[in-house]
Structures are given as C-alpha cells and as structure tokens.
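Worth knowing before you read on, the calculation uses all heavy atoms, side chains too, and leaves out hydrogens, waters and symmetry mates. Numbered from 1 within each chain, the chains take letters A, B, ... in sequence-line order.
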2 protein chains.
Amino acid sequence: MTDLKALQTTLLFTEEDIKALRQSKAILADQTDAILDVWYGFVASTPELVHFFSDAKTGRPDGAYLEAVRKRFALWVLDTADANYDQKWLDWQYEIGLRHNRLKKNKTDRVPSVAQVNFRYIPALTIPVTTTLKPFLAKKDASAADVEKMHTAWVKAVLMQSILWSQPYIKDGEF
Amino acid sequence: MTDLKALQTTLLFTEEDIKALRQSKAILADQTDAILDVWYGFVASTPELVHFFSDAKTGRPDGAYLEAVRKRFALWVLDTADANYDQKWLDWQYEIGLRHNRLKKNKTDRVPSVAQVNFRYIPALTIPVTTTLKPFLAKKDASAADVEKMHTAWVKAVLMQSILWSQPYIKDGEF
C-alpha cells in the first residue's frame with residue numbers, strides 16, 4: 001500500500017482524480033455494452049490483439065473465450081470507476097496480471113489459447129481503452145471541462161493498473 | 001521494426017501523431033531549459049523520485065549526476081519531437097532502458113548512485129512528463145486544437161518509449 005501511494009504520487013494521481021472516476025461511474029454504468037462493442041471492434045480489427053484470444057493450434061479467434069472476457073471487462077469498467085484502492089483491490093490487480101501472464105492465462109476459462117499476452121501490449125492498451133471511453137463520458141450532461149477531467153483520471157487509473165498488472169512479467173527485485 | 005509497428009497500431013499512433021510531434025519541435029526547442037526547471041522541480045519535491053539520483057551510501061542527492069542527466073534530458077525532448085523511428089532509434093531506446101536498469105545505471109556518469117530505477121516508475125513518468133510539457137506547447141501561436149493534438153501525440157510517444165525502455169526488466173520471452 002505504501003508503494004502504491006508512491007506510484008500514485010508519481011502519476012500525479014490525486015483526490016480530484018478519484019472524484020472524477022466516481023463521477024464517471026453513473027455516466028458509464030448503462031453504457032458498458034456499447035463501450036464493449038467499440039472496444040471489441042478495435043480488438044477484432046487488430047490482428048496483433050485478436051491473436052491473444054486465438055486458439056493456439058488453429059490460430060482462429062475463440063468466440064466463447066472472447067465472450068467470457070467481455071463479461072469481466074464490463075465489471076472492470078465499473079470497478080475502475082469505483083476507485084477503491086485498498087489491499088483487496090491491490091491483490092486483485094496482481095491476480096489480473098497473472099491472468100495475462102503465462103503463469104495463469106487461459107486457466108479461468110479453461111481455453112486452449114496462446115500462452116500469454118506479451119508485456120508490451122499491456123501498458124499500450126491504456127491509449128485505446130481510454131480513447132474508446134471518452135465519447136461515452138461526453139454522452140450525458142457533464143460539462144466539457146468535467147469530461148476532460150474524467151478522461152485524464154481514466155488515463156492515469158488505467159496506466160496505474162497496467163503497471164500493477166505487469167508485476168508477474170518483471171524480473172525478481174526490479175518491479 | 002515489425003513489432004514496433006504492431007505496438008504503434010495498439011497505441012493508435014498514426015502519421016497524424018508524427019506530424020504533431022514534429023510541429024512541437026519548433027515550439028519546444030527554445031524552451032527546454034524552462035521545461036527542465038519545472039521537471040526538476042517535480043523530481044526534487046518527490047522523495048520517491050529524487051531517490052534514484054541519490055548517493056547509495058549517504059542517501060543525499062548527487063548534484064553532478066542530476067546535472068549530467070539534465071543535459072541528456074534536453075536532447076531527449078528534441079529527439080522525441082523528431083519522431084524518426086528507424087532501427088538506430090530503436091537500438092537507442094534499448095540502450096536507454098539498460099541505463100535505467102541495474103545492468104547499466106550509473107555507468108555513463110560513473111556515479112555511486114542506487115542500483116536501479118524500479119520498473120514501475122518508468123511507464124508512470126509518462127504522466128508528469130507530458131503534463132509538464134502541455135503549458136509549454138501552448139506558449140507559442142498554436143491553436144488550442146493543435147495543442148491538444150500535440151499533447152496527445154506526446155502521451156503516446158512517451159508511453160511507447162517507456163514500454164521500450166522496460167525491455168531489460170522483463171523476463172525472457174515475455175516482452
């Protein structure tokens with residue numbers, strides 16, 4: 001928890017960002033399906049990304065796997081907007097990291113997919129995730145300034161999570 | 001270079017971003033000293049960060065080391081704005097990563113500083129670096145829309161570089 005605080009300081013992540021994330025929850029709550037349609041459209045049109053949902057043998061995208069992850073992704077949007085950074089949340093981030101890494105990928109859904117999501121895509125996905133989200137933040141009655149604040153808070157929050165998810169990929173003692 | 005292209009696709013990094021970065025060069029070129037004053041002010045006021053410039057024995061910040069890095073940081077701003085992504089550039093990013101990692105930190109300046117910059121701070125610094133830069137992008141005669149475009153391009157470019165710099169920290173075969 002102390003290291004998380006230091007990471008938040010480095011990310012310029014403040015109480016204002018927590019407020020903005022929580023403000024975004026009510027705006028996004030009934031839009032997660034539409035957000036996921038855009039998000040899955042991006043993944044489907046990017047061979048480098050759809051690869052991570054493919055059957056390791058045939059190379060074909062696994063529809064059932066994509067659907068199972070989609071359900072968790074919707075919950076993740078709301079969980080990120082909750083911005084409750086306690087030890088339980090931190091443990092869960094570590095678990096999410098493991099599920100991207102070769103240590104635990106495919107186990108939850110018992111799928112014969114490729115062995116890992118390569119590290120480099122994890123922090124990179126901060127950009128398409130938060131870019132996808134921005135128009136949805138603007139769809140309700142928030143002011144343009146509030147939309148900017150919520151978007152900035154989301155960029156920081158997703159980058160922070162992607163850093164935490166990277167932990168299983170890092171050599172011992174270097175995280 | 002193929003993997004770099006795939007990473008850029010994931011980052012939604014396009015020709016528009018390259019144009020915006022190059023537009024920023026003329027704006028930033030005569031402001032690097034002022035930018036570095038703000039940047040070093042942030043580092044100096046953040047114990048978690050100034051730690052990486054400290055003498056490993058005394059724990060005190062090493063002024064000569066800070067000054068040597070400052071000169072390279074100014075060059076890095078202009079290099080990032082150049083946005084010339086060739087093999088030479090890619091090799092140089094790997095070298096920058098090594099110089100943050102325990103494999104090569106302190107060697108260039110022959111300083112008795114702490115052994116490494118921990119991984120987690122590297123992608124995180126994308127936020128303060130690009131937030132510091134934004135007011136400087138607005139100080140010349142670029143339109144508000146162009147300032148937004150340049151800032152967005154900088155966020156993508158710095159995140160991309162921080163991912164490349166992370167390579168020496170990643171377990172074999174997981175990058």
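Heavy-atom neighbours of chain A within the stretch residues 130-156 of chain B, taken at a separation under 4.5 angstrom, comprise B:Thr131, B:Val155, B:Lys156. Chain A is approached within less than 4.5 Å, heavy atom to heavy atom, by B:Ala6, B:Leu7, B:Thr9, B:Thr10, B:Leu11 from residues 4-11 of chain B, ordered by number.
In this structure, CE on B:Met160 lies 9.0 Å from CG on B:Asp17, to the nearest 0.5 angstrom.
When A:Ser162, A:Pro123, A:Ser166 are compared by the number of non-hydrogen pairs under 4.5 Å with chain B, A:Pro123 comes out ahead.
Aromatic ring pairs are classed by plane angle as parallel below 30°, tilted from 30° to 60° and perpendicular above 60°; the pair B:Tyr85 and B:Trp89 is perpendicular.
Distance alone, capped at 3.5 Å, is enough to place a donor-acceptor pair between the B:Ser113 side chain and the B:Ser54 backbone.
Between A:Tyr121 and A:Phe52, the distance separating the two ring centers is shorter than 6.0 angstrom.
Follow the hydrophobic side-chain contacts under 4.5 Å out from B:Val111 and you never reach B:Leu98; the two are in separate clusters.
A:Leu159 touches chain B through its side chain: at least one heavy atom from C-beta onward sits under 4.5 Å away, while N, CA, C and O do not. For B:Phe13, no part lies near chain A; criterion is any non-hydrogen pair under 4.5 Å. The contact between A:Thr126 and chain B is made entirely by side chain atoms (from C-beta outward), counting heavy-atom distances below 4.5 Å.
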- request: Take A:Tyr94 and A:Leu90, measure what side-chain contact (heavy atoms from CB on, under 4.5 Å) needs, and give me the verdict at the end.
  value: CA-CA 7 Å; A:Tyr94 187 68; A:Leu90 199 52; over 6 Å; no
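For B:Thr32 against B:Leu78, the heavy-atom pair with the smallest separation is CG2-CD2, 4.2 Å.
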Between side-chain atoms of residues 168-175 of chain A and protein atoms elsewhere (two or more places apart, or another chain), which donor-acceptor pairs fall under 3.5 Å?
residue  : atom : partner  : partner atom : Å
A:Tyr169 : OH   : A:His100 : O            : 2.9
A:Tyr169 : OH   : A:Asn101 : N            : 3.2
A:Tyr169 : OH   : A:Val117 : O            : 2.6
A:Lys171 : NZ   : B:Pro168 : O            : 2.8
A:Glu174 : OE1  : B:Asn101 : ND2          : 2.8
A:Glu174 : OE2  : B:Arg102 : NE           : 3.4

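Heavy-atom contacts from other residues, nucleotides or ligands closer than 6.0 Å to CD of B:Glu15 number 12 or fewer.
For residues 117-127 of chain B, every residue pair satisfying the salt bridge (charged side-chain N to carboxylate O under 4.0 Å, His left out) rule, not counting sequence neighbours, is listed here: A:Asp3-B:Arg120.
The shortest side-chain heavy-atom distance between B:Lys107 and B:Arg99 does not fall under the 4.5 Å cut-off.
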